[in-house]
2 protein chains.
Amino acid sequence: MTTDAAHESTEGRLRSAGLKVTAPRLAVLDAFPADPIHLSADEVYARVAPALPSTSLQAVYGVLAALVASGLLRKIEPAGSAARYEKRIGDNHHHLICRGCNAIEDVDCVIGEAPCLTPSDTHGFRLQAADVTFWGLCPSCQAALAE
Amino acid sequence: MTTDAAHESTEGRLRSAGLKVTAPRLAVLDAFPADPIHLSADEVYARVAPALPSTSLQAVYGVLAALVASGLLRKIEPAGSAARYEKRIGDNHHHLICRGCNAIEDVDCVIGEAPCLTPSDTHGFRLQAADVTFWGLCPSCQAALAE
DNA sequence: GCAGTTGTTTTGATGTAATCAAAACAACTG
DNA sequence: CAGTTGTTTTGATTACATCAAAACAACTGC
């Protein structure tokens, strides 16, 4: 038996992305348990470090960059806070960020994909992507402010 | 005569924003000549420094922050490059950024304001703003890539 | 006009987030 | 199992921005 059942799908995804299967990469990918989770490099490192004591934060940056380049992770770079990574990819969803605590929620645009991806004037640009970010206050930060 | 005609409107905007009128602030505001221009703190400093030799980059950061807080400038923080500032405010326009050279163009959403400001699920957030950023390649970067 | 108060700018240090280069190392090929 | 190639580690370095305190200038009332 050549594959560890617990890592079966994670390993398979690395292989089909043309990446070598290494312990840091398995650990980083497995640090994203559920889909709607958004972790900073720091947070990923905190989750990975206990199992891999020899890992450094720089290594995590390298692994994350490789996974983003291969399309296994998506990088989000909100204004004013550290970059976050998420496993939910391939669908055009957007983000709702709390200005109080930087919490991030996934949202789908109410009108679907097309309109937000079509500016009125492209200025000759070849369009590649569109980011939509909503800013506001999450329920607990609203409560904290109301006190 | 108490006001310099060349600075009349700039000065007036500072006053009505409740800010003291100082040389650095006049110079920074006047560094934005036409509306659709997007300058980084560095670029503002480069435009301001010749006329105000005693100004430092930190001072420019301070002035820019004050102007943004007063609503006289808008701050844009694109992923992967330094923050930019623009004078066009009060309308809900978006930005088109070149991944090759970081050039920024203004765009208006084809469907107007409302739809892009309305996510399907607010997760209980109190919404404050929505940013839309389009990513692509500007004409000259397309040409450079085609060579 | 002039002095006091308040807000602003300057100066210098500090911090965070992230990248880079080179050496040590491990995964996949035959 | 050995060689090659790609990855990780280590350490230094960068870019961008913020903070604190002292020096300073703008606006108020006199």
Side-chain angles (χ1 to χ4, degrees), chain A residues 2-4 7 10-29 31 38-46 48-49 51-70 72-73 75-85 102, chain B residues 2-4 7 10-29 31 38-46 48-49 51-70 72-73 75-85 102:
Chain A
T2 58
T3 57
D4 176 357
H7 282 155
T10 306
E11 211 181 306
R13 272 190 294 173
L14 284 173
R15 284 189 201 285
S16 38
L19 294 171
K20 286 187 179 174
V21 177
T22 68
R25 286 177 177 171
L26 290 171
V28 166
L29 263 186
H38 310 85
L39 299 175
S40 66
D42 249 353
E43 290 164 344
V44 171
Y45 176 59
V48 161
L52 292 172
S54 73
T55 309
S56 67
L57 178 58
Q58 289 90 328
V60 170
Y61 274 110
V63 170
L64 288 171
L67 296 178
V68 169
S70 308
L72 293 178
L73 289 181
K75 186 179 187 180
I76 315 158
E77 297 182 74
S81 67
R84 307 295 182 101
Y85 300 83
N102 289 325
Chain B
T2 59
T3 57
D4 177 356
H7 283 155
T10 305
E11 211 182 305
R13 273 189 293 174
L14 284 173
R15 284 189 201 286
S16 37
L19 295 171
K20 285 188 178 173
V21 177
T22 68
R25 286 176 176 172
L26 290 172
V28 166
L29 262 186
H38 309 84
L39 300 175
S40 65
D42 248 352
E43 290 164 346
V44 171
Y45 175 60
V48 162
L52 293 171
S54 72
T55 310
S56 66
L57 179 56
Q58 289 89 331
V60 170
Y61 274 109
V63 170
L64 288 170
L67 296 177
V68 169
S70 308
L72 294 178
L73 290 181
K75 185 180 187 181
I76 314 158
E77 297 183 75
S81 66
R84 307 294 182 102
Y85 299 84
N102 289 326

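A, B, ... follow the sequence lines: proteins, then strands. Residue 1 opens every chain. These numbers come from the heavy atoms of this one structure, side chains and all, not from hydrogens, waters or symmetry mates. Worth saying up front: this structure is predicted, and the values here are computed from it rather than measured.
Using a 4.0 Å heavy-atom distance criterion, Ala65(A) is classed as making no nucleic acid contact.
As rounded to whole Å, 13 Å separates atom C1' of dA26(C) from atom CG of Leu26(A). Atoms OH (Tyr45(A)) and P (dA18(C)) sit 16 Å apart, rounded to a whole Å. Straight-line distance from the CG atom of Asp42(B) to the P atom of dT14(D): 16 Å, rounded to whole Å. Protein atom CD1 of Ile76(B) is 17 Å distant from nucleotide atom C1' of dA17(D), rounded to whole Å. If you take OH of Tyr85(B) and P of dA17(D), they are 6 Å apart, rounded to a whole angstrom. Look at OH on Tyr61(A): it is 9 Å from C1' on dT16(C), rounded to the nearest Å. Glu77(A) places its CD atom 14 Å from the C1' atom of dC16(D), with the value rounded to the nearest Å.
Considering all non-hydrogen atoms of both residues, Tyr45(A) and Ser56(A) come closest at CE1-C, 3.6 Å. Shortest non-hydrogen contact noted between Arg13(B) and Leu72(B) is O-CD1, 3.9 Å. Of all heavy-atom pairs spanning Val21(B) and Glu11(B), the tightest one is CG1-CG, 3.5 Å. Closest approach of Pro78(B) to Ala83(B), counting heavy atoms only: CD-CA, 4.3 Å. When all heavy atoms are compared, the tightest approach of Arg25(A) to Lys20(A) is NH1-O, 3.1 Å. Heavy-atom minimum distance, Leu52(A) versus Pro24(A): CD1-CA, 3.7 Å.
Separation of atoms CG (Leu73(B)) and OH (Tyr85(B)) is listed at 8.5 Å; rounding is to 0.5 Å.
Checked against Arg84(A) for a side chain to side chain contact (heavy atoms under 4.5 Å, CB included), the options Val44(A), Asn102(A), Leu39(A) give a single hit: Asn102(A).
For the pair Arg15(A) and dC28(C), the criterion of a side-chain N or O lying under 4.0 Å from OP1 or OP2 is met.
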Candidate pair Leu67(B) and Leu19(B), rule side-chain contact (heavy atoms from CB on, under 4.5 Å), full reasoning: CA-CA 9 Å; Leu67(B) 296 177; Leu19(B) 295 171; 4.0 Å; yes
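Comparing Leu57(B) and Val21(B) by the nucleotide of DNA chain D that holds the closest heavy atom to each, the one mapping nearer the 5' end is Leu57(B).
Rounded to 10 degrees, the angle between the two end axes of the helix from dG1(C)-dC30(D) to dG30(C)-dC1(D) is 40°, with five pairs used at each end.
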Summarise how protein sits on nucleotides 8-14 of chain C as a single string, 5' to 3': B when a protein heavy atom is under 4.0 Å from the base, S for sugar-phosphate-only contact, - for no contact. SSBBBB-
